[in-house]
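We count ligands from 1, going down the list as the structure has it; atoms in each ligand are counted the same way. Excluded from the calculations below are hydrogen atoms, water molecules and symmetry mates; all remaining heavy atoms, backbone and side chain alike, are included. Because the structure is a prediction, the values reported are computed rather than measured. Starting from 1, each residue takes its place in the sequence as its number.
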Amino acid sequence: MAPTASNRPIVISGPSGAGKSTILKRLFEEYPDRFGFSVSHTTRGPRGEEKDGVEYHFVTREQFDDLIAKKGFVEHATFGSNSYGTSIAAIEDIEKKGRTCILDIEMEGVKQVANHPTFPRPRFLFLSPPSMDILEQRLRGRATDKEADILKRLNQAKVEMEFAKSPEAPHDKIVVNDDLEKAYQEAKAFIVGEDA
Ligand code: ADP
Ligand code: 5GP
C-alpha cells in the first residue's frame with residue numbers, strides 16, 4: 001500500500017442519507033478509469049438493487065469475524081446492528097490498477113484510518129445534510145430502510161455531525177449537500193484535486 005502523493009486515498013463520510021452514494025455514483029460515471037470504489041464487507045443484507053461485490057461484499061457474521069481474526073481489515077466498525085469494514089484486499093485491488101481509492105465509511109472507521117500506523121493518510125471529505133429535518137426526509141424518501149433502522153440512522157447522524165465539528169475531526173473539506181448540482185461540483189473539485 002504505497003500510493004504516491006497525488007494518489008492518496010480519499011475518504012468520504014457523513015450521516016447516512018447525506019448523499020454520499022449519489023455523489024460517488026455520478027463521479028464514477030464522469031471518471032470511469034480514474035478512481036476505484038473500495039468495496040467494503042458488511043453483515044447487512046443487500047438493499048434495493050445492490051449486488052454482491054459491487055456496492056458491498058455481503059457476508060455472514062462468521063465470515064466477517066473470520067476476516068477480523070485473520071487481520072484482513074484496514075478498519076472495521078459497527079453501525080446500527082451491523083458490522084462494516086474495509087479489507088486490505090479491497091484497497092490493494094484498486095491500487096494494482098493504478099487508480100485512486102475512494103472509501104465511503106462511517107465515523108469510527110474515519111478515526112481508525114486517520115490514526116492508522118501504516119495506512120497512508122487519506123484526504124477526508126465530510127458530506128453534511130443542510131439540516132436534520134431534510135436528512136430525515138431524504139432517508140424516508142429513499143424508502144430502503146425499516147422504521148427502526150431509520151431511527152438508528154438519525155440518532156447516529158447527530159453523533160456524526162457533532163464529531164465533524166470537534167477538534168478531533170480529520171476532515172480537510174466539508175460540503176453541504178443542499179442543491180445536488182452545487183454539492184457535486186464542490187465535492188468533485190476536492191476529489192479531483194483542484195481544491196486539495
Ligand atoms: P448516503 O449514501 O449518504 O446514505 P444517498 O446517496 O443514498 O445517501 O442519498 C439519500 C437519499 O437522498 C437518496 O434517495 C438520494 O436520491 C437523495 N438525495 C441525495 N442528495 C440530494 C439532494 N441534494 N437533494 C435531494 N435529494 C437528495
Ligand atoms: P449503509 O448501510 O447506508 O450502506 O452504510 C451505513 C454506514 O456505514 C455509512 O455511514 C457508510 O459510510 C458506512 N460504511 C460503509 N462501509 C464501511 C466500512 O467499510 N467501514 C466503516 N467503518 N463504515 C462503513
ask   = Should the pair K70-D66 be classified as a salt bridge under the 4.0 Å nitrogen-to-oxygen rule?
value = yes
E95 bridged to R99 by N-O distance under 4.0 Å = no
request  = May I ask you to identify the nearest protein heavy atom to atom 14 (N) of ligand 2, giving residue, atom name and distance to one decimal place in Å?
outcome  = D104 O, 3.5 Å
message = Tell me whether E181 is salt-bridged to R26, with the criterion being a basic N under 4.0 Å from an acidic carboxylate O.
response = yes
inquiry  = Heavy atoms only, cut-off 4.0 Å: how does Y84 contact ligand 2, side chain, backbone, both, or neither?
reply    = both
task = May I ask you to identify, for E55, whether its side chain, its backbone, both or neither come under 4.0 Å of ligand 2 on a heavy-atom basis?
result = neither
query = Can you tell me if S16 has a non-hydrogen atom under 4.0 Å from ligand 1?
reply = yes
task = Give the atoms of ligand 2, by number and element, whose distance to some non-hydrogen atom of R44 is under 4.0 Å.
result = 1 (P), 2 (O), 4 (O)
task = Give the intermediate values and the outcome of ring pair (Phe, Tyr, Trp, His ring centres under 6.0 Å) for residues H41 and F58.
result = CA-CA 6 Å; H41 284 63; F58 295 102; over 10 Å; no
inquiry  = I'd like to check which ligand 2 atoms, numbered from 1 as shown, lie under 4.0 Å from a non-hydrogen atom of R153.
reply    = 1 (P), 2 (O), 3 (O), 6 (C)
remark   = heavy-atom search around atom 18 (N) of ligand 1 in the protein gives R138 CD, 3.9 Å
query = Which atoms from ligand 2 have a heavy atom of G85 less than 4.0 Å away?
reply = 18 (C), 19 (O), 20 (N)
ask   = What protein heavy atom sits nearest atom 4 (O) of ligand 2, and how far off is it?
value = Y56 OH, 2.5 Å
inquiry  = Show me which atoms of ligand 2 lie under 4.0 Å from any heavy atom of K20.
reply    = 12 (O)
ask   = atom 8 (O) of ligand 1: which protein heavy atom is closest, and how many Å away?
value = G19 N, 3.1 Å
request  = Determine, using heavy atoms of E160 and all atoms of ligand 2, whether some pair is separated by less than 4.0 Å.
outcome  = no
key: Proximal atoms of ligand 2 relative to G109 (non-hydrogen, under 4.0 Å)   = 22 (N)
task = Please work out whether any backbone atom (N, CA, C, O) or any side-chain heavy atom from C-beta onward of Q112 is under 4.0 Å from ligand 2, and answer side chain, backbone, both or neither.
result = neither
message = Is it the case that the side chain of R8 and the backbone of R121 share a donor-acceptor pair, with hydrogens and angles ignored and the cut-off at 3.5 Å?
response = yes
request  = Look at the aromatic rings of H116 and F119 and report parallel, tilted or perpendicular, splitting at 30° and 60°.
outcome  = perpendicular
task = Please report the C-alpha distance between F64 and F73 in whole Å, then the side-chain angles of each, then the deciding distance to 0.1 Å, and finally whether the ring pair (Phe, Tyr, Trp, His ring centres under 6.0 Å) criterion is met.
result = CA-CA 10 Å; F64 196 94; F73 284 117; 4.7 Å; yes
request  = Return the residue, atom name and 0.1 Å-rounded distance of the protein heavy atom closest to atom 2 (O) of ligand 1.
outcome  = S21 OG, 2.6 Å
request  = Just need the protein heavy atom nearest to atom 7 (O) of ligand 1, so name the residue and atom and give the distance.
outcome  = R142 NH1, 2.9 Å
inquiry  = Give the atom numbers and elements of ligand 1 that come within less than 4.0 Å of a heavy atom of P15.
reply    = 3 (O)
Lys/Arg-Asp/Glu bridge criterion (N-O < 4.0 Å) met for E106, K20 = no
message = Can you report which non-hydrogen protein atom sits closest to atom 16 (N) of ligand 2, along with the distance?
response = S40 OG, 3.2 Å
note = Hits for salt bridge (Lys or Arg N to Asp or Glu O under 4.0 Å) against K146, two or more places apart or cross-chain, chain-then-number order -> none
note = In ligand 2, the atoms that come under 4.0 Å of a heavy atom of A77 are 22 (N)
inquiry  = Can you tell whether the side chains of K97 and E92 come within less than 4.0 Å, N to carboxylate O?
reply    = no
key: Numbered atoms of ligand 2 (with element) below 4.0 Å of E75, judged on heavy atoms   = 18 (C), 19 (O), 20 (N), 21 (C), 22 (N)
task = If you have a sec, work out which protein heavy atom is nearest atom 20 (N) of ligand 1 and how many Å separate them, to one decimal?
result = N177 ND2, 3.0 Å
ask   = Which protein heavy atom lies closest to atom 10 (C) of ligand 1, and at what distance to 0.1 Å?
value = G17 O, 3.6 Å
query = Backbone, side chain, both or neither: what part of H41 comes under 4.0 angstrom of ligand 2, heavy atoms only?
reply = neither
query = Which atoms of ligand 1 sit under 4.0 Å from any heavy atom of A18?
reply = 3 (O), 8 (O)
query = Considering only the protein, which heavy-atom contact is closest to atom 16 (O) of ligand 1, and what is its distance?
reply = T22 OG1, 4.0 Å
Within-shell test, D178 vs ligand 1, heavy atom, strictly < 4.0 Å = yes
